[in-house]
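Single-structure report; data block below.
Just so we're on the same page: letters track the sequence lines, and every chain starts at 1. As the structure is a prediction and not an experimental result, all values here were calculated from the model. Reckoned from all heavy atoms, side chains included, excluding hydrogens, waters and symmetry mates.
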Amino acid sequence: MLDPKLLREQTDVVAKKLATRGFVLDVAVFHALEGERKTLQVETEKLQNERNVHSKNIGILKGQGKDVSAVLEDVNRLGDTLTQLSLDLSAVQEKLHNFCAQMPNIPHNSVPLGKSEDDNVEVARVGTPRAFSFPVKDHVALGEALGQMSFEKAAKLTGSRFVVLNKHLAKMQRALIQFMLDIHLNENAYQEFYVPYLVNADSLFGTGQLPKFKEDLFNTTAGYSLIPTAEVSLTNLMRDEIVPEDELPLQWTAHTPCFRSEAGAYGKDTRGMIRQHQFEKIELVWVCHPDESYQCLEKLRLHAETILQRLELPYRILSLCTADIGFCSAKTYDLEVWLPAQNCYREISSCTNTEAFQARRMQARFRSSKTGKPELVHTLNGSGLAVGRTLVAIMENYQDEAGNIHIPKALQPYMGGLAVIEK
RNA sequence: GGAGAGGUGGCUGAGUGGCUGAAGGCGGCGGUCUUGAAAACCGUUGAGGGGUAACCCCCCUCCCAGGGUUCGAAUCCCUGCCUCUCCGCCA
């Protein structure tokens, strides 16, 4: 959610900035709603005040044993008008709220302008893709040949876009989770959380999944939704909270499964573990002072990169352009890992500064030591990393001609010393 | 699942229809005192929104949430959510 004051006072500036990301702000509609709101609100509050004054008088007069019928008549006359006005007011306020809830965040000045994902800017490449002396197989071929990855079994159990792993591959996924968490906890000072995988609508609104992206979620008959990312559970810990300024920044992490319905993405990446309805992820969340959020974003990105570096996986860093950043994002870096079978880099982490966009939706605040007043925090989130895709990357980058998977050095201790997964 | 009790400000805890946005205590902040600190004493201390160019100021809303009764609701009624105690069940 954008700052309503900013929106009101500099509507054209906001519209211009949102246009860079392909969002058309209907300035006329906004001004009309806003004008209506103001008139109604002022009038409603005026009448409410009148009513309150009268009511207070009634109390005083009654206490003195005097007749109140005259005042009572006055205040009764207010009744109907006031009822109607407040109905009108809340209708307009709801419209205004819905209007604003659909508006995406304003891109930061450092975000490259662009019209599509082709305009994303490559910031750096790290590591060199290995040269293979044999035809590379993709993770599906490798995994099925090993007998440790089955999409068929998953389809029997559930449907498409799920996977069953067993033996070493199942263990490697668990090892990766442990490996990533250990680094974030021991080296990067994150606090670990265990959180619900089902959340309510307020939480989903807070982090921006609602109202716009309801279709991407798995919703339950109980009224809860499965989390599409631990960002929802972690970030919403701050909802309606006010923390002391000196406790900032907060660095939180959790491993969770993530559930995405992604109705719109059918036909894309139909093969393999790249796009699944259920996958494991380590999430990193920062809650910080507004002055520091861009330094924090750099640190967050570095923490995600560390994992790729330790696993010796080649990757590149993209700064997403205005057309490609997410709804809540003011700025996003994507980390893309090299996948030899696809002969390209694929997203494995997305690190985002939402500034106060989510914080405003959540009323997540800190108490300013300067003013003593609550102010909105900035929230950031990033994957550190997507575990399923990391597994894919290891399989494809570390395969040999026989179809065996060599395990990265750093991960071997987590695999009980195992160095190669063989048939 | 069954039976009870309860949800009030950062915390604790009064308040059953009328200057109560809320006593008292704790905590926080400011001050007096002190070489400094502690103690003591005095003062101060919720949030959201609107009006205003803006501070001061003025107004509205908020005592779990949503409805209702009333001129007026923290207080009465209904529904939901949550917490606690006892019993049952269970990983």
Side-chain angles (χ1 to χ4, degrees), chain A residues 1-11 13 30-31 33-101 194-206 210 220-225 233 236-248 250 287 356 358-377:
Chain A
M1 206 92 111
L2 299 177
D3 180 1
K5 284 216 171 96
L6 179 76
L7 195 53
R8 243 176 267 155
E9 288 160 15
Q10 306 194 44
T11 317
V13 177
F30 177 73
H31 279 317
L33 280 172
E34 180 50 31
E36 219 178 317
R37 189 229 95 220
K38 188 160 168 176
T39 317
L40 284 170
Q41 183 163 354
V42 169
E43 188 60 22
T44 306
E45 291 185 356
K46 201 185 110 197
L47 290 191
Q48 282 176 327
N49 175 238
E50 232 171 286
R51 182 203 59 200
N52 290 347
V53 170
H54 281 313
S55 295
K56 214 160 252 182
N57 270 336
I58 292 174
I60 293 167
L61 288 174
K62 271 197 170 173
Q64 298 168 343
K66 289 179 180 162
D67 177 48
V68 294
S69 55
V71 194
L72 216 52
E73 209 173 295
D74 277 349
V75 78
N76 270 326
R77 214 171 301 134
L78 282 177
D80 290 345
T81 329
L82 187 53
T83 309
Q84 191 52 50
L85 271 176
S86 18
L87 283 177
D88 293 348
L89 177 61
S90 31
V92 170
Q93 272 172 331
E94 197 188 329
K95 271 191 210 166
L96 206 52
H97 179 264
N98 291 342
F99 187 85
C100 293
Y194 172 78
V195 293
Y197 304 158
L198 286 165
V199 291
N200 59 30
D202 286 341
S203 295
L204 291 161
F205 180 82
L210 291 181
T220 69
T221 52
Y224 303 136
S225 303
S233 305
N236 273 284
L237 290 168
M238 271 302 291
R239 177 149 50 86
D240 296 321
E241 298 287 338
I242 301 173
V243 300
E245 182 170 342
D246 58 21
E247 282 181 18
L248 300 177
L250 299 164
V287 176
Q358 292 179 326
R360 188 169 291 107
R361 289 173 159 245
M362 289 190 299
Q363 285 300 301
R365 294 168 292 169
F366 70 97
R367 193 167 294 280
S368 162
S369 56
K370 260 189 217 149
T371 64
K373 292 288 168 196
E375 291 177 28
L376 295 171
V377 295

Check: residues 87-99 of chain A side-chain donor-acceptor pairs under 3.5 Å, at least two apart:
unit_1	atom_1	unit_2	atom_2	d
D88(A)	OD1	Q84(A)	NE2	3.1
S90(A)	OG	S86(A)	O	2.7
S90(A)	OG	L87(A)	O	3.3
N98(A)	ND2	E94(A)	O	3.4

Extract all donor-acceptor atom pairs below 3.5 Å that involve side chains of residues 236-247 of chain A and protein atoms in other chains or at least two apart in sequence.
unit_1	atom_1	unit_2	atom_2	d
N236(A)	OD1	R239(A)	NE	2.9
N236(A)	ND2	S203(A)	O	2.8
N236(A)	ND2	V232(A)	O	2.9
R239(A)	NH2	S203(A)	OG	2.8
E245(A)	OE1	S369(A)	N	2.5
E245(A)	OE1	S369(A)	OG	3.0

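Phosphate contact (OP1/OP2 of C60(B), side-chain N/O of N49(A), threshold under 4.0 Å): present. Applying the 4.0 Å criterion to OP1 and OP2 of G49(B), one finds that R360(A) has every side-chain N and O outside that range. When the side-chain nitrogen and oxygen atoms of K62(A) are compared with OP1 and OP2 of G17(B), none of them lie within a distance under 4.0 Å.
A heavy-atom distance below 4.0 Å to RNA chain B is reached by these residues of residues 50-57 of chain A, ordered by number: R51(A), N52(A), S55(A).
Atom SG of C100(A) is separated from atom CZ of F30(A) by 5.5 Å, given to the nearest 0.5 angstrom.
In this structure S225(A) satisfies the side-chain hydrogen bond (donor to acceptor under 3.5 Å, both in side chains) test together with N219(A), sequence neighbours excluded. Not a single salt bridge (Lys or Arg N to Asp or Glu O under 4.0 Å) links R367(A) to another residue, sequence neighbours left out. K56(A) pairs by the side-chain contact (heavy atoms from CB on, under 4.5 Å) definition with nothing, not counting sequence neighbours. In this structure, the side-chain contact (heavy atoms from CB on, under 4.5 Å) partners of Q48(A), at least two apart in sequence or on a different chain, are T44(A), E45(A), R51(A), L82(A). The side-chain contact (heavy atoms from CB on, under 4.5 Å) search around T220(A) returns L198(A), A222(A), Y224(A), not counting sequence neighbours.
Across all strands shown, C78(B) is found opposite G66(B) as a Watson-Crick or G-U wobble partner, with both distances under 3.5 Å. Using N1 to N3 plus N6-O4 or O6-N4 for Watson-Crick, or N1-O2 and O6-N3 for G-U wobble, each under 3.5 Å, U83(B) pairs with A5(B).
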N/O-N/O pairs, protein side and nucleotides 11-13 of chain B side, under 3.5 Å:
none

Write out a two-atom table: protein N or O, nucleotide N or O from nucleotides 76-82 of chain B, distance below 3.5 Å.
none

Report all interatomic pairs (protein N or O, nucleotide N or O of nucleotides 50-52 of chain B) with separations under 3.5 Å.
unit_1	atom_1	unit_2	atom_2	d
G50(B)	OP1	R8(A)	NH1	3.0
G50(B)	OP1	R8(A)	NH2	2.4
G50(B)	O4'	Q41(A)	NE2	3.0
G50(B)	O3'	R37(A)	NH2	3.0
G51(B)	OP1	K38(A)	NZ	3.4
U52(B)	OP2	K38(A)	NZ	3.2

Just the atom pairs and distances: protein N or O near nucleotides 26-30 of chain B's N or O, under 3.5 Å.
none

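When the C1' atom is compared between G46(B) and C11(B), the two are found 13 Å apart, to the nearest whole Å.
Within the 3.5 Å criterion, the main-chain N or O of L204(A) finds no donor-acceptor partner in the side chain of R361(A).
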